[in-house]
2 protein chains.
Amino acid sequence: MRSTITDVAQAAGVHISTVSRAFSSPHLVNEETRNRVLGAAEELGYRPNRAARALITGKTQTIGLIVADIANPFFAPMIKAAESQARMRDYHILVAETDEDPAVEEDLVRAFAKQVDGVQLCSPRMSNELIEKVAHDVPIVLVNRMVSDLPCVLMDVAGGARSAIEHLAILGHTAIALLGGPRSSWTSREIRKSAGAAARAAGVDLTVFSPNTPTADVGLALAGKVAQSGATAVVAHNDLMAVGLMEGLDSLGVSVPSDVSVVGFDDIEMAQWVRPKLTTVANPTGGAGRTAVDMLLQLGADPTATAQVTLRTELIVRDSTGPGPAGPKGSG
Amino acid sequence: MRSTITDVAQAAGVHISTVSRAFSSPHLVNEETRNRVLGAAEELGYRPNRAARALITGKTQTIGLIVADIANPFFAPMIKAAESQARMRDYHILVAETDEDPAVEEDLVRAFAKQVDGVQLCSPRMSNELIEKVAHDVPIVLVNRMVSDLPCVLMDVAGGARSAIEHLAILGHTAIALLGGPRSSWTSREIRKSAGAAARAAGVDLTVFSPNTPTADVGLALAGKVAQSGATAVVAHNDLMAVGLMEGLDSLGVSVPSDVSVVGFDDIEMAQWVRPKLTTVANPTGGAGRTAVDMLLQLGADPTATAQVTLRTELIVRDSTGPGPAGPKGSG
DNA sequence: ATGAAAGCGCTAACAC
DNA sequence: GTGTTAGCGCTTTCAT
C-alpha cells in the first residue's frame with residue numbers, strides 16, 4: 001500500500017475532491033491546479049485505489065473471463081486477445097477455468113458478479129435456463145453458445161463444416177467420418193447438424209462418432225474405429241483430435257492423405273507443424289475474444305445493447321487432404 | 001449488483017456486524033444466530049463484496065500474474081496451474097501480458113500494486129534494479145529469474161542444458177550448435193553458460209547462434225545457418241524453435257535425426273505430436289505456477305518468508321536425437 | 001454474544 | 001473552480 005488521495009491533496013495543497021476530479025473529470029478543474037495535482041501524484045507514485053472507486057461508482061474496470069481450460073490452444077489465443085483489448089480500454093481481466101464442470105461454472109459467475117463489470121463466458125456447459133438465470137446477476141457475453149436473446153459471439157462453424165464436407169466431396173470422397181465433440185458443446189451440435197446436411201446435399205455417406213472428449217489422445221484412440229469404418233476422409237471436432245487421429249492412423253499403417261484425408265477445426269498453431277500439415281477450418285478465436293470484450297464494455301454503457309455476432313470461419317487447405325479413392329470429381 | 005450485508009442483516013433480524021462475523025469469524029457468533037444469518041444469506045444469494053472488504057482489510061484475495069505472452073504454450077500451463085492453485089485457496093487471478101516490453105511490465109506491476117495481494121512476475125525483462133524497486137510496492141515472486149534475495153521460483157535449466165549436451169556427446173556428436181533465446185532472458189543466459197561448460201567438459205565444439213526471438217518461424221529461418229555450420233546436433237532455446245528448425249532442415253533435405261539431431265526445451269504438448277517426436281528438456285511450468293502462488297500466499301502471512309526454489313528439469317529422449325557421425329561413443 | 005460507531009479511499013451531489 | 005459533506009459495503013474496536 002502506498003500513498004492515498006489524501007497525501008496527494010496535502011502535497012498539492014488542495015482538497016481531496018479536487019484530486020479526485022483531476023483524475024476522473026479533468027475538465028472540471030483549472031489547468032494550473034490540475035498540473036499541480038498531477039505533479040504531486042506523480043511524485044508520490046499515487047494511483048487511485050480501484051476498490052475504493054468501485055465501491056462508489058459500481059464500476060470495477062474489470063472483466064471476468066471464464067473458460068473450460070486456460071492452457072487449451074483454442075482458448076489461450078482468445079484470452080490473449082481479450083486481455084489485450086481490455087488493457088487498451090484500461091480494463092483488467094480476471095481469469096478462471098471450470099474444467100468443463102457446470103457447477104464450477106455457475107459458482108464462478110456468481111463469485112465474479114460483484115467484482116467485475118461483466119463476464120465473458122466461453123463455451124459454457126451450463127443449461128440454457130441456468131445461463132439465463134445467472135445473466136441477471138451480471139452482464140454476460142456468451143462465446144460459442146447461443147441462448148435466446150443473450151448477447152453472444154459465435155463463429156460460423158456450421159459454414160466451416162459445410163466447407164469441409166464439400167471440400168472432401170469434391171476430392172471424390174464418398175464415405176466420410178465425423179469425430180464429434182462433447183455432448184454439451186453447442187459448437188459440436190452445430191458441426192454435426194451442418195455436416196449432416198452438407199453430406200446429404202453432396203450425396204456422400206457420413207458416419208458420426210460421438211460424443212468425445214476433444215483431445216489428441218482420444219483422437220489417437222479413435223484411429224482404429226475410423227480405419228474399420230471404411231471412411232476415406234475424416235472431419236474432427238478440433239485440431240487436437242485430428243492430430244491424434246493422424247498419429248493413430250500412421251501407426252496402423254494408414255497413410256494420410258493417400259489412404260485417408262483428415263480435416264480439423266480451429267487452426268491452432270500446431271496444425272502447421274505436424275506432418276502432413278493439417279487441413280483445417282480456422283476459427284477466429286482472437287477476434288472472438290476482442291469482440292466479446294467490446295460487447296461487454298458496450299453493455300456497460302447501454303445495458304439494452306444486446307447483439308448476436310457471428311464471425312467468419314475459413315477452410316485452410318494444407319496437406320492432410322487429398323483425392324478420394326475414385327479421384328477428384330470430374331477427373332474420371 | 002445484488003443484496004448487501006444490510007439486506008441480510010434485516011432478513012435475519014440482526015445487526016450488520018453480526019452478519020460480518022458470521023462470515024469472517026464464525027466462532028464469535030452463536031450457532032443458532034449464525035445459521036439464521038447463513039440461511040438468510042443463502043436465500044438472498046448474498047456474497048460479501050470483496051472490494052468493500054479489501055478497502056478495510058487491505059487484502060484483495062487476488063493475485064496478479066504477469067507474463068510476456070498468455071498464449072505461449074510455455075506460459076499457458078503455468079497460468080492454468082496458478083489459477084487452479086489460487087482458486088483452491090479462494091483467491092482470484094488477474095492476468096496481463098507484456099509483449100516482452102519492460103516498460104509495460106513496470107507499468108503493470110504498478111497498476112496491480114493496490115489491487116492485488118501479490119504479483120507473480122514470470123520471466124521478467126526489467127532490469128534487476130527496477131525489479132527491486134517495484135518489489136517495494138507489492139509482494140513479488142519471480143519466476144524464471146533470479147534477483148538478489150527476492151523470492152523466486154526457478155527451473156534447473158542449467159542442469160537440463162548439461163543433460164542435453166551430455167546426451168548428444170554420448171551419442172557421438174562432436175560439433176553442436178546452440179540456438180539461444182532473447183538477450184534479456186535469464187533462462188537463456190543460464191542455458192548458454194551451462195551448455196558451454198558441459199561442452200568443454202565433454203570435449204565437444206559448441207557454436208552459439210544468439211540472441212533470437214524464440215519462435216518456430218525463427219527456428220525455421222535458422223536452419224540454413226545451422227546446416228552450414230557443420231554441426232551434427234542442435235540444442236534450441238525452446239521447443240517452438242526446435243520444431244521450426246526441424247521443418248527448416250527437412251526442407252533443406254537434411255534429415256532429423258540421421259543427419260542432425262535436435263533437442264528442445266520445455267516439453268510443450270506439440271513436442272510429442274511432431275515428427276520426429278522431439279527430444280526435449282521438460283520444464284515443470286505447472287509446478288512453477290503452483291509454487292509461485294503458494295509462495296505469494298505465504299508471503300502474505302509472513303512478509304519476511306522469502307525463498308528461492310529451483311524445480312527439477314528432465315531430459316525426455318524421443319526420436320529427434322540419434323547417433324553422431326562416428327556412431328555412439330564406445331561403439332567404435 | 002451482539003449492537004453501535006468509526007472509518008477504509010474514494011466519488012458525487014451540493015454549496016459557495 | 002474548489003471545498004464540504006455524505007456515503008458506497010464492509011470490518012473492527014469498543015461497549016454492553
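Quick caveat: nothing in here was measured; it's all calculated off a predicted structure. Proteins come first, then strands; the chains are lettered A, B, ... in the order of their sequence lines, and each starts at number 1.
- Atom P of nucleotide C:dT2 and atom NE2 of B:H27 are separated by 13 Å, given to the nearest angstrom.
- Comparing D:dC10, D:dC8, C:dG3 by their closest approach to the side chain of A:L55 singles out D:dC8.
- Distance CD (A:Q10) to P (D:dG3): 13 Å, rounded to an integer number of Å.
- Contact annotation: the side chain of A:Y46 never approaches that of A:D7 to less than 4.5 Å [non-hydrogen atoms, C-beta and beyond].
- One atom, CZ of A:R53, and another, C1' of D:dC10, lie 20 Å apart when rounded to the nearest Å.
- Side chains of B:M126 and B:V134 form a contact here, defined as non-hydrogen atoms less than 4.5 Å apart.
- Look at A:D107 and B:R47 and you find a salt bridge, because one of the NZ, NE, NH1 or NH2 atoms lies within 4.0 Å of a carboxylate O, short of that distance.
- The distance from atom CD of A:Q61 to atom P of C:dT11 is 11 Å, rounded to the nearest whole Å.
- The backbone N or O of A:T60 sits less than 3.5 Å from a side-chain atom of A:T62, completing a donor-acceptor pair.
- Residue A:F23 is out of contact with every strand shown, counting any heavy-atom pair closer than 4.0 Å.
- Of the listed residues (A:V141, A:N128, A:L142), just one forms a side-chain contact (heavy atoms from CB on, under 4.5 Å) with A:L150, and that residue is A:L142.
- Distance CD (B:Q115) to P (C:dG9): 15 Å, rounded to an integer number of Å.
- If you measure from atom CG of B:D7 to atom C1' of D:dC10, you get 13 Å, rounded to the nearest angstrom.
- Atom-to-atom, CG of A:L28 to C1' of D:dT2 comes out at 11 Å; the value is rounded to the nearest Å.
- Each of A:A52 and B:V19 has a nearest nucleotide on DNA chain D; the 5'-most of these lies closest to A:A52.
- Residue-to-nucleotide proximity on DNA chain C shows that, of B:T33 and A:I5, the 5′-proximal contact is made by B:T33.
- When each of A:D117, A:L121, A:V116 is tested with A:V138 by the rule side-chain contact (heavy atoms from CB on, under 4.5 Å), just one qualifies, namely A:V116.
- One atom, CG of B:L44, and another, C1' of D:dG9, lie 15 Å apart when rounded to the nearest Å.
- Taking 4.5 Å as the limit, every side-chain heavy atom of A:I66 sits out of range of all side-chain heavy atoms of A:E97.
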Write down the protein N/O and nucleotide N/O pairs, taken from nucleotides 12-14 of chain C, whose separation is under 3.5 Å; answer none if there are no such pairs.
{"from": "C:dA13", "atom 1": "N6", "to": "A:R21", "atom 2": "NH1", "distance (Å)": "3.4"}

